[in-house]
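Lettering follows sequence order; numbering is per chain, from 1. Computed from heavy atoms alone, side chains included, the values below leave out hydrogens, waters and symmetry copies.
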Amino acid sequence: MNLLFHVTTAQSGALLVPLVLAARRANASFAAFFTHEGVKTLQNANLVAALAGSRAVVCEESWHRFCPGLACPVENGSQTINSALMAEAERVVSL
Amino acid sequence: MSEKNILVLARRDHAEAMRVAAGLTIFGHHVDLVFMDRPVEESAENAANVELLEMCDIAPQTTVAALADDLPLLDAAALAGAIQAADITLSL
């Protein structure tokens with residue numbers, strides 16, 4: 001995997017969408033991990049659509065904390081997966 | 001898969017940064033943690049997270065002068081050096 005986007009703030013979505021689209025144009029493989037308030041960005045349908053076909057994982061604990069009762073649109077995971085994705089990624093973009 | 005040197009900057013939420021830092025060690029990464037911005041709040045959650053850091057062999061550092069009696073204090077140059085030395089820097 002060329003890139004891992006590590007998303008931790010509710011404002012990160014504005015940056016993540018164009019970065020994901022740019023990664024696709026460059027034929028870069030990527031994944032995204034959402035934790036803490038970064039999970040709130042997944043309430044943006046444009047972002048979810050941009051991530052389609054790529055691996056996107058939320059920290060389940062953060063999802064329940066910041067988006068209680070909402071259906072999660074991507075894969076539920078944990079900090080264990082975060083650690084694994086860090087190992088797979090050539091580069092990490094912290095947002 | 002490769003083990004990496006990861007630097008976690010604890011800026012907005014110290015408790016979350018401790019949780020993430022500890023979790024990152026699961027796949028064998030070396031993780032450093034720097035408390036920034038303000039002193040770490042004394043709470044049951046943070047006390048538990050500090051124990052978690054000890055279990056994960058993470059020895060925190062800080063840029064907060066008020067924490068200098070308890071943790072190694074990094075000045076701007078030392079922090080820049082730590083960022084340069086890391087494979088990955090995360091900001092939380």
Open item on the list: Out of A:M86, A:E37, A:M1, return the one with the most heavy atom pairs under 4.5 angstrom to chain B.
Closed with: A:M86

Task: Residue B:Q61 excluded, over 12 heavy atoms near CD under 6.0 Å - done: yes

Open item on the list: Within the supplied structure, the quantity of interest is the number of heavy atoms (other residues, nucleotides, ligands) at a distance under 6.0 Å from A:R91 CZ; does it exceed 12?
Closed with: no

Task: Side chain proximity check, A:T9 to B:R12, heavy atoms < 4.5 angstrom - done: yes

- [ ] For residues B:V20 and A:Q79, determine if any side-chain heavy atom of one lies less than 4.5 Å from a side-chain heavy atom of the other.
- [x] yes

Using the rule that Ile, Leu, Val, Met, Phe, Trp and Tyr join whenever any side-chain heavy atoms are under 4.5 Å apart, tell me whether [X] and [Y] fall into a single cluster.
X     : Y     : value
A:V7  : B:L9  : no
B:I6  : B:I58 : yes
A:F33 : A:W63 : no
B:V40 : B:L79 : no
B:I83 : B:L73 : no

TODO: State the OG1-CG distance between A:T35 and B:L90, to the nearest 0.5 angstrom.
DONE: 10.5 Å

Open item on the list: With rounding to the nearest 0.5 angstrom, report the NE2 to CG distance, A:H6 to B:L92.
Closed with: 6.0 Å

Open item on the list: If I compare all heavy atoms of A:S83 with all of B:F27, which pair ends up nearest, and what's the gap?
Closed with: OG-N, 3.0 Å

- [ ] Taking all non-hydrogen atoms of both residues into account, name the closest pair between A:T8 and B:S91 and its distance.
- [x] OG1-O, 3.4 Å

TODO: Would you please say whether a donor-acceptor pair under 3.5 Å links the side chains of A:S62 and B:R19?
DONE: yes

Task: Contact origin within B:L24 toward chain A - heavy atom pairs under 4.5 Å - done: both

